[in-house]
Amino acid sequence: MENKITENFDKIQYDLSQNIKLENSFSQDNIQLIAGVDLAYWEEDEKTIAVCCICVVDFLTKAIIETKFLKDEIKVPYIPGYLSFRELPLIINTFKTLSFDPEIVMFDGNGYLHPRNMGIATHASFHLNKPTIGIAKSYLKIGAVDFVMPSDKEGAFTDIVINGTIYGRVLRTHKHVKPIFISCGNWIDIDTVTDITLALINNESRLPIPVRQADLETKKMRKRFVKYEK
DNA sequence: GCGACAG
DNA sequence: ATCTTGTCGC
């Protein structure tokens, strides 16, 4: 049964990946606004409900410009490697409610660092038509490829290379703190991804501000909903 | 049968 | 992702 699901997903991902813009010309200088996306889940009457929050951040001042959310039932199961099919529908609908127009979007999860180079950040770029970045808190193993732990210095990183291609980067954003796994979503290169990520780190978290903020908001919203419906 | 497994 | 208490540390 799960096989049937993933077969269909594989075909959709293949079709999407044919829609390729060739340039990775996005530069840090082009950013004024960057968005962060995250979801929180809970159970309600045997159903899985999620709220998606998107936070728009001013890249220079780090100020939170806008926060929007949307709640809905989630019917697709979580299968490792197929996260986007579970979370993207709600994300796309939430994105439509934004009044600001961020130049780039940051996701909780992988982009190119994925068995089919089609993690949620990459998949989303084709729907949002914007450059994207993947930020994962743990490693999704690709085949038998392990990652090498970077040295214990802020800004230290190692690359996850497969057949000569950089799939992603293991980045230490704070000393003595577990590294994060960053990768290109689309229309951007890995060095720019690294620069942007590091520019958005503060002392509060190992995660960059946009996804950190979205994570906080998403949990606030869940508290509100769960409290009001019982 | 057992382990692995973004969120 | 979520469930969960205390606890160590800045």
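Heavy-atom basis, side chains included; hydrogens, waters and symmetry copies ignored. Per chain, numbering begins at 1; letters A, B, ... match sequence-line order.
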Distance, rounded to the nearest Å, where [X] contributes [atom1] and [N] contributes [atom2]:
| X | N | atom1 | atom2 | value |
| --- | --- | --- | --- | --- |
| His123(A) | dA6(B) | NE2 | P | 19 Å |
| Lys141(A) | dC5(B) | NZ | C1' | 11 Å |
| Arg86(A) | dC5(B) | CZ | C1' | 14 Å |
| Leu88(A) | dA1(C) | CG | P | 17 Å |
| Asp38(A) | dA1(C) | CG | P | 7 Å |
| Asn110(A) | dG7(B) | CG | P | 7 Å |
| Ile91(A) | dA1(C) | CD1 | P | 13 Å |
| Glu204(A) | dC10(C) | CD | C1' | 13 Å |

Has [X] got more than 12 heavy atoms of other residues, nucleotides or ligands less than 6.0 Å from its [atom1]?
| X | atom1 | result |
| --- | --- | --- |
| Lys62(A) | NZ | yes |
| Gln32(A) | CD | no |
| Lys141(A) | NZ | yes |

Closer than 3.5 angstrom, by distance alone: can the side chain of Asn202(A) be matched with the main-chain N or O of Glu204(A) as a donor-acceptor pair? yes
[X] vs [N]: side-chain N/O to OP1/OP2 distance below 4.0 Å:
| X | N | answer |
| --- | --- | --- |
| Lys137(A) | dA6(B) | no |
| Tyr78(A) | dC5(B) | no |
| Ser138(A) | dC5(B) | no |

Reckon [X] touches a base, only the sugar-phosphate, or nothing at all at heavy-atom distances under 4.0 Å?
| X | value |
| --- | --- |
| Phe181(A) | nothing |
| Leu113(A) | nothing |
| Ala40(A) | sugar-phosphate |
| Gly134(A) | nothing |
| Phe85(A) | nothing |

Check Glu217(A) with Lys220(A), please: is the shortest side-chain N to carboxylate O separation under 4.0 Å? yes
Taking the basic N atoms (NZ, or NE/NH1/NH2) and the acidic carboxylate oxygens, is any pair closer than 4.0 Å for Lys130(A) and Asp101(A)? yes
Group every Ile, Leu, Val, Met, Phe, Trp and Tyr by side-chain heavy-atom contacts under 4.5 Å, then state whether Ile64(A) and Ile104(A) land in the same group.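 They do share one cluster, since a chain of ILVMFWY contacts under 4.5 Å joins Ile64(A) to Ile104(A).
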Output the pairing pattern of DNA chain C as a dot-bracket string, 5' first, Watson-Crick or G-U wobble with both distances under 3.5 Å, | for cross-strand pairs, [ ] for crossing pairs. ..........
Within a strict 4.5 Å, meaning less than it, do heavy atoms of the Phe107(A) and Ser125(A) side chains meet?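 Side chain of Phe107(A) against side chain of Ser125(A), heavy atoms only: no contact under 4.5 Å found.
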Hey, are the side chains of Tyr112(A) and Ile190(A) touching, using non-hydrogen atoms and a 4.5 Å cut-off?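 The answer is no, as the side chains (C-beta and beyond) never meet within the 4.5 Å cut-off.
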Could you spell out the base pairing of DNA chain B in dot-bracket, with Watson-Crick or G-U pairs whose two distances are under 3.5 Å, [ ] crossing and | to another strand? .......
If we ignore angles and hydrogens, is there a donor and acceptor under 3.5 Å between the side chains of Thr48(A) and Glu43(A)? yes
